[in-house]
Enquirer: 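To start, I am sharing the structure in question, which I have written as structure tokens.
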Amino acid sequence: MTLYYQEYGEKSGPLMLFVHGGGVSGWMWDKQVQYFTDFHCVVPDLLKQDKKMGLEGFSIGNSAEQLLKLIEKKAKGKKVIIIGFSLGAQVAIQMVSKKPHLIDYAIINSALVRPIPFSSYFISSSVKLTYPLIKNKLFSKVQAKTLYIGKDYFEKYYEESSNMRRDTLISVLKENMAFELPGKFSQAKGKILVTVGDKERTIMKKSAADIVKKNPNCKGVILPGIGHGVSLAEPKFFNQMVEKWIIDGKIPEGKIIN
């Protein structure tokens with residue numbers, strides 16, 4: 001399948017790969033690529049592949065493989081930083097597990113790594129009932145609010161979500177809810193910052209703790225006053241957090257995850 005991506009910033013700088021979450025696409029990182037102009041920013045759209053995608057379905061594993069090939073093509077000896085949110089954070093975890101020595105820094109934001117029991121059984125039926133709602137603007141506005149998507153991006157969010165195929169949505173949800181930490185995650189050699197918002201669900205906070213415990217290179221923090229989507233809710237804070245972590249390993253203020 002064809003992997004779609006855009007490039008920004010200084011191509012001679014360190015490579016910074018941004019992996020978006022489910023329900024959004026590469027535009028969620030607009031405020032980041034505007035900030036990290038000294039970096040070679042690469043922003044893929046995981047679901048904007050080709051017409052076969054709807055038949056083959058979305059896969060975290062396949063997405064990770066494609067992005068690793070992209071990094072190997074673009075990095076050329078440069079430092080590599082990957083930043084993933086939600087579904088994209090799961091992909092990032094898969095990437096550092098598959099290639100433990102390739103990635104120098106990883107920021108894992110809001111990654112679910114505790115599989116939800118029997119999720120595959122109820123996803124198909126629940127999506128069948130709720131799928132027509134994705135074309136309802138009021139419903140989309142409620143969903144957008146939970147992801148901190150403002151007025152500037154709502155129309156884009158609505159357009160993309162209302163055009164998503166039902167089978168694609170089902171495969172994304174199944175992959176997301178069944179994901180667990182790969183066995184080789186413990187071998188990842190890069191520095192890893194794990195974040196979760198203190199307003200997120202308990203399972204998300206427990207997932208963050210699981211990630212931190214599985215790799216000695218992980219540092220984790222619960223970010224105060226934030227739900228699911230810190231990079232959209234507080235882009236200035238998020239950008240500075242990433243920058244300080246990369247430059248001097250500074251962990252942002254919040255409850256440290258042990």
Side-chain angles (χ1 to χ4, degrees), residues 1-21 24-50 52-53 58-109 111 181-195 211 215-219 231 235 238-251:
M1 292 186 290
T2 302
L3 176 66
Y4 290 85
Y5 62 91
Q6 291 182 296
E7 297 178 81
Y8 307 88
E10 178 52 64
K11 290 192 176 182
S12 64
L15 182 67
M16 186 174 280
L17 180 78
F18 295 90
V19 194
H20 65 79
V24 292
S25 59
W27 54 260
M28 74 163 287
W29 303 114
D30 282 359
K31 295 294 192 299
Q32 281 65 55
V33 298
Q34 291 167 14
Y35 184 84
F36 291 103
T37 54
D38 292 334
F39 291 78
H40 179 187
C41 297
V42 179
V43 185
D45 279 332
L46 299 181
L47 300 181
K48 186 182 177 183
Q49 294 176 336
D50 58 31
K52 295 180 181 179
M53 228 291 297
F58 172 80
S59 164
I60 288 173
N62 288 342
S63 295
E65 289 282 1
Q66 290 185 72
L67 293 180
L68 287 169
K69 290 177 182 177
L70 180 62
I71 287 175
E72 290 173 335
K73 176 183 176 181
K74 298 288 183 179
K76 299 177 181 178
K78 300 188 294 187
K79 284 193 177 298
V80 176
I81 303 113
I82 62 171
I83 302 170
F85 164 64
S86 194
L87 181 72
Q90 294 173 320
V91 173
I93 288 171
Q94 192 74 54
M95 291 170 68
V96 299
S97 302
K98 286 178 176 288
K99 294 279 187 177
H101 297 275
L102 181 64
I103 294 157
D104 299 287
Y105 299 90
I107 292 86
I108 307 296
N109 178 230
L181 279 172
K184 291 186 177 181
F185 176 72
S186 61
Q187 299 175 20
K189 301 303 180 184
K191 296 179 179 179
I192 303 170
L193 177 63
V194 180
T195 70
I211 299 168
N215 188 299
N217 297 321
C218 284
K219 301 292 182 182
S231 62
F238 184 82
N239 295 342
Q240 292 175 348
M241 177 189 78
V242 171
E243 187 173 50
K244 290 175 182 177
W245 168 251
I246 294 170
I247 293 173
D248 58 20
K250 185 176 180 180
I251 300 173

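We count residues from 1, following the sequence as given. Reckoned from all heavy atoms, side chains included, excluding hydrogens, waters and symmetry mates.
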Enquirer: Would you give the length of the straight line joining atom CD of Glu243 to atom CZ of Phe36, rounded to the nearest 0.5 angstrom?
Expert: 5.5 Å
Enquirer: Find the distance between CG (Asn239) and CH2 (Trp29) and round it off to the nearest 0.5 Å.
Expert: 9.5 Å
Enquirer: Distance check, rounded to the nearest 0.5 Å: Ile83 atom CD1 versus Ser231 atom OG?
Expert: 9.0 Å
Enquirer: Locate the shortest heavy-atom distance separating Asn109 from Phe85; write the atom from each residue and the value.
Expert: OD1-CD1, 3.2 Å
Enquirer: Answer yes or no: is there a side-chain heavy-atom contact under 4.5 Å between Gln240 and Tyr35?
Expert: yes
Enquirer: Of the non-hydrogen atoms in Pro14 and Ile81, which two are nearest, and what is the gap between them?
Expert: CB-CD1, 4.0 Å
Enquirer: Identify the heavy atoms of Pro216 and Ser186 that sit nearest to each other, and give their distance.
Expert: CD-O, 4.3 Å
Enquirer: Is there a side-chain contact between Gln187 and Ser97 (heavy atoms, below 4.5 Å)?
Expert: no
Enquirer: Is any side-chain heavy atom of Lys244 closer than 4.5 Å to a side-chain heavy atom of Asp248?
Expert: yes
Enquirer: Provide the closest heavy-atom pair for Cys41 versus Val33 in the form atom of the first, atom of the second, distance.
Expert: CB-CG1, 3.8 Å
Enquirer: Does some side-chain heavy atom of Leu3 sit less than 4.5 Å from a side-chain heavy atom of Leu67?
Expert: yes
Enquirer: Can you find a heavy atom in the side chain of Ile103 that is under 4.5 Å from one in the side chain of Lys99?
Expert: no
Enquirer: Closest approach of Phe18 and Pro44, non-hydrogen atoms and distance?
Expert: O-CD, 2.9 Å
Enquirer: Got Ile71 and Met95 here, is their nearest side-chain heavy-atom distance under 4.5 Å?
Expert: yes
Enquirer: Mind checking the NZ-CG spacing from Lys74 to Leu17? Nearest 0.5 Å is all I need.
Expert: 11.5 Å
Enquirer: With respect to Val42, which candidate in Met16, Glu7, Lys11 satisfies the side chain to side chain contact (heavy atoms under 4.5 Å, CB included) definition?
Expert: Glu7
Enquirer: Assess whether atom NZ of Lys79 is packed by more than 12 heavy atoms of other residues, nucleotides or ligands within 6.0 Å.
Expert: no
Enquirer: Working note: Cys218 + Ile211, criterion side chain to side chain contact (heavy atoms under 4.5 Å, CB included); need CA distance, chi angles, decisive distance, verdict.
Expert: CA-CA 8 Å; Cys218 284; Ile211 299 168; 4.2 Å; yes
Enquirer: Between the main-chain N or O of Phe185 and the side-chain N or O of Asn215, is there a donor-acceptor pair closer than 3.5 Å?
Expert: yes
Enquirer: Using 0.5 Å steps for rounding, measure from the CG atom of Asp104 to the CD1 atom of Ile82.
Expert: 10.5 Å
Enquirer: Between Lys76 and Lys73, what is the shortest heavy-atom contact and its length?
Expert: CE-O, 3.4 Å
Enquirer: Flag the pair Ile60 / Leu87 as yes when at least one side-chain heavy-atom distance between them is below 4.5 Å, and no otherwise.
Expert: yes
Enquirer: Is there side-chain contact between Trp245 and Ile251, with heavy atoms separated by less than 4.5 Å?
Expert: yes
Enquirer: Pairing donors with acceptors under 3.5 angstrom, does anything connect the side chains of Lys78 and His40?
Expert: yes
Enquirer: His20 side chain to Leu46 main-chain N or O, any donor-acceptor pair under 3.5 Å?
Expert: yes
Enquirer: Roughly how far apart are Lys98 NZ and Leu68 CG, rounded to 0.5 Å?
Expert: 7.5 Å
Enquirer: Determine whether more than 12 heavy atoms belonging to other residues, nucleotides or ligands lie under 6.0 Å from atom NZ of Lys191.
Expert: no
